[in-house]
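Data block below; observations after.
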Amino acid sequence: MTQAGFVLTNLAAIGWGGLLYRGSSGRPIWERLGIAVLPFLGCTVAWHWVVSIAFQSMASFWNGARLAPAIGLLHGYRLYYPATEGPINGWIYGPISSVAYLPAALLGNAGVKVLVGRGLSLFYYYAPAAWLLLRGGEGRKGRPGVGEFLLFLTFVLLTTNSHALRYSATEVHADAPTLALAALAIATMVRGGGGQNPWTCSLALILAVLAVWSKQLTVPILIVVLPAYALATGALKSPVRSLLPGIVGGLAITVTLFLVLDPSSLLLNIVEVPGRHRFRAKDLVDFLYPLIVLQQKHAPLLFLLAVGGQARIALAADEAGTDASAGRRDRGWIVFLIAGLAELPFSLMGYFGEGGNDNSMSFSLYFLTLGTLLMLKPLVGSGWLNERASTNWVWYLVIGLNLMLATFEVEAQGDALINRKGPWQDSLAAERFIRAHPGEVYFPWNPESHLAAEGKYYHTEDGINGRSYSGISTSSDHFFRHIPPRTRLVCYPPNAAGLARVGAMTYLTGFRPTKVADLPGWACYERESGEARCVKMPPLK
């Protein structure tokens with residue numbers, strides 16, 4: 001049924017596009033083509049969001065493990081514990097990003113919580129881009145036109161084509177709320193006139209402080225990009241009025257967090273643990289190979305950046321006679337590009353750190369992508385400057401690129417709809433199993449299910465491994481204090497089956513592999529004292 005709906009909606013979107021093309025006669029041909037492709041591109045994006053959240057995941061079981069710290073707060077657990085106390089939750093990021101997922105923690109069972117959490121990631125990731133790219137020209141009182149919609153759809157489709165960006169956009173992680181705060185900080189600084197407007201300058205700095213307290217990788221934006229832009233745009237004339245309120249506000253936030261949270265535990269988890277992770281790159285080849293792959297996967301973005309830059313150089317003469325403040329706002333794309341370049345070294349450090357993944361690169365790519373598309377806004381007939389004539393070849397370029405990326409995405413969506421199995425289903429299966437056997441079953445990769453079923457937070461596999469990466473050992477006494485009291489069965493979800501016997505199972509001796517009829521495909525281990533090798537549990541209610 002889902003596949004049939006997928007095919008029918010895409011066909012309907014293509015047909016609607018044909019009707020819109022016929023009905024837009026009298027417009028320039030490139031604009032008619034842009035109008036015609038909107039329904040198909042919009043349908044592709046809508047299905048991308050549905051399929052990514054419900055049926056497809058790049059992080060699978062990680063979603064629930066990363067959502068669990070927020071759920072734990074509602075059950076009276078702390079976000080950060082000392083090295084020898086409390087459940088090890090693996091949260092090595094700032095507290096703001098965890099708090100951002102509290103709405104998901106409040107709703108439904110474990111499966112619903114994961115679905116809502118991933119939906120929140122979508123919102124956090126795309127909301128700033130929608131605000132920046134869909135804002136129309138001044139002549140249309142802010143209403144978006146066809147060009148703005150095309151650019152926003154381009155942003156979404158470039159995200160679908162990037163492992164790093166797609167990871168940050170669709171998975172529960174510190175990434176999406178952090179990127180949102182950082183993007184809003186830059187936009188607020190630029191649109192407010194930089195150092196000439198003390199209030200927006202201070203607000204931008206406060207947003208940047210919140211971004212750093214959401215995930216540490218945004219430090220360059222706070223200490224380099226925003227202050228440099230503020231100083232370059234007038235803050236030197238009155239640094240006290242322009243910068244001091246923001247500095248005081250940031251310090252107030254920091255002091256408040258240290259008062260609310262135990263400072264030593266906070267610094268242990270967000271500074272010492274990640275700071276002691278080893279680098280995976282051992283030689284120059286290890287370092288360069290991911291960069292080569294990155295370049296190949298983001299060729300469309302690099303192409304847009306190159307040709308868009310050439311076009312903006314040609315447009316520079318037109319900008320000379322415009323209003324100065326409007327010109328500064330229009331040149332905000334430069335600040336986003338600079339932010340992307342400033343983030344690149346830190347993104348690489350996060351990527352090459354032990355336990356790092358593609359999502360670390362999103363902290364550079366997100367701002368580079370936004371900056372590139374903001375650079376193209378005036379070339380599709382709108383922007384922060386006065387209305388200009390459209391540049392027809394840019395329309396053709398954007399339309400062709402979107403159709404190519406949408407075709408790739410539609411093919412991937414068709415494959416995902418065949419399996420129709422998302423990580424939320426594993427979370428729900430674990431929760432039901434725990435409710436049937438409270439205190440007896442341990443799911444190291446599904447702490448969200450334990451919290452939903454029992455209100456108990458146990459050690460997570462990710463947390464134990466993270467401490468191990470950092471050379472911080474967990475004693476047996478500490479480990480056994482925070483697992484189910486009568487543990488006789490330990491289970492790992494299907495996609496984590498190959499990771500068993502790395503973390504928790506190094507402490508749980510005397511367990512042997514077994515099959516559990518109610519958890520097909522899971523890697524389970526039972527105590528050797530058990531009589532049956534195949535454990536058949538009572539039916540779940």
Side-chain angles (χ1 to χ4, degrees), residues 60-81 85-91 98-99 101-117 172 423-465 474 476-494 496 500 503-505 507-508 511 514 516-520 522-527 530 535-541:
S60 189
F61 47 85
W62 289 86
N63 284 279
R66 288 172 179 150
L67 184 58
I71 305 173
L73 291 173
L74 300 180
H75 290 273
Y77 289 92
R78 292 158 54 181
L79 194 56
Y80 308 106
Y81 283 94
E85 299 177 20
I88 305 173
N89 61 19
W91 192 258
S98 182
V99 172
Y101 286 100
L102 279 176
L106 292 166
L107 300 173
N109 56 43
V112 171
K113 293 179 193 298
V114 170
L115 284 173
V116 175
V172 175
W424 64 273
Q425 292 166 297
D426 289 339
S427 297
L428 184 57
E431 179 187 345
R432 290 173 174 170
F433 201 89
I434 292 166
R435 289 186 185 278
H437 313 284
E440 299 180 357
V441 187
Y442 179 31
F443 291 87
W445 271 116
N446 300 96
E448 76 287 0
S449 301
H450 283 290
L451 284 162
E454 302 172 302
K456 301 290 186 182
Y457 207 155
Y458 299 124
H459 295 306
T460 67
E461 191 81 355
D462 176 41
I464 297 170
N465 290 339
T474 301
S476 295
D477 177 65
H478 182 198
F479 174 81
F480 283 102
R481 284 202 307 269
H482 298 284
I483 68 170
R486 302 180 305 279
T487 300
R488 64 183 180 88
L489 192 67
V490 183
C491 290
Y492 292 76
M505 294 306 296
Y507 294 87
L508 295 166
F511 281 72
T514 189
V516 178
D518 292 321
L519 296 172
W522 290 60
C524 293
Y525 300 85
E526 67 169 335
R527 286 190 186 277
V535 181
K536 175 62 177 176
M537 299 295 183
L540 299 177
K541 296 181 180 180

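This one's a predicted model, so the numbers in the text were calculated from it and none came from an experiment. The figures that follow rest on heavy atoms only: side chains count, while hydrogens, waters and symmetry mates do not.
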Inset, instruction - Work out which heavy atom in Phe61 is nearest to a heavy atom in Pro493; give both atom names and the distance. - result: CB-CG, 3.8 Å
Legend entry - Whether Phe433 and His437 hold their rings parallel, tilted or perpendicular, with breakpoints at 30° and 60°: tilted
Legend entry - Distance flag, aromatic centroids of His450 and Tyr458, threshold under 6.0 Å: yes
Inset, instruction - Nearest 0.5 Å please: distance from the CZ atom of Phe511 over to the CD atom of Glu526. - result: 9.0 Å
Inset, instruction - Output yes when a side-chain donor or acceptor of Arg481 lies under 3.5 Å from a complementary backbone atom of Pro87, and no otherwise. - result: no
Legend entry - Close side-chain approach of Ile71 to Tyr77, heavy-atom, < 4.5 Å: no
May I have the list of side-chain donor-acceptor pairs in residues 105-116 shorter than 3.5 Å, sequence neighbours left out?
unit_1 : atom_1 : unit_2 : atom_2 : d
Asn109 : OD1    : Gly111 : N      : 3.0
Asn109 : OD1    : Val112 : N      : 2.9
Lys113 : NZ     : Ala105 : O      : 2.7
Lys113 : NZ     : Leu107 : O      : 3.4
Lys113 : NZ     : Gly108 : O      : 3.2

Inset, instruction - Quick one: closest heavy-atom pair of Trp522 and Asn446, and the distance? - result: CZ3-OD1, 3.7 Å
Legend entry - Ser449 (side chain) donor-acceptor with Ser427 (main chain) under 3.5 angstrom: yes
Inset, instruction - Considering non-hydrogen atoms only, spot the tightest contact between Met505 and Tyr492 and give its length. - result: CG-OH, 3.3 Å
Legend entry - Phe443: which of Leu519, Asp426, Thr460 passes side chain to side chain contact (heavy atoms under 4.5 Å, CB included): Leu519
Legend entry - Rounded distance (nearest 0.5 Å) linking atom CH2 of Trp424 with atom CD of Glu431: 12.0 Å
Legend entry - Spatial distance of atom CZ (Arg66) from atom CG (Asn63) [nearest 0.5 Å]: 7.5 Å
Inset, instruction - Carefully, step by step, assess Phe480 and Leu508 under the rule side chain to side chain contact (heavy atoms under 4.5 Å, CB included). - result: CA-CA 9 Å; Phe480 283 102; Leu508 295 166; 3.7 Å; yes
Legend entry - Gly90 versus Asp462, closest heavy-atom pair with distance: O-OD2, 3.8 Å
Legend entry - Separation of Tyr525 OH from Thr487 OG1 (nearest 0.5 Å): 15.5 Å
Inset, instruction - Locate the shortest heavy-atom distance separating Ala453 from Ile434; write the atom from each residue and the value. - result: CB-CG2, 3.6 Å
Inset, instruction - With the side chain counted from C-beta on, respond yes when Cys524 and Val490 share a heavy-atom pair under 4.5 Å apart, and no when they do not. - result: no
Inset, instruction - Start with the C-alpha gap between Trp62 and Val172, add the side-chain angles, then the distance that decides, and say whether side chain to side chain contact (heavy atoms under 4.5 Å, CB included) holds. - result: CA-CA 8 Å; Trp62 289 86; Val172 175; over 6 Å; no
Legend entry - Donor-acceptor contact below 3.5 Å, side chain His459 vs main chain Ile88: yes
Inset, instruction - Over all heavy atoms of both residues, which pair between Pro447 and Tyr457 is shortest? Give the atoms and the distance, please. - result: CB-CE2, 3.8 Å
Inset, instruction - Return yes if some donor-acceptor pair links the side-chain N/O of Asn89 with the main-chain N/O of Leu79 below 3.5 Å, else return no. - result: yes
Legend entry - Whether Arg435 side chain and Ala452 backbone form a donor-acceptor pair below 3.5 Å: yes
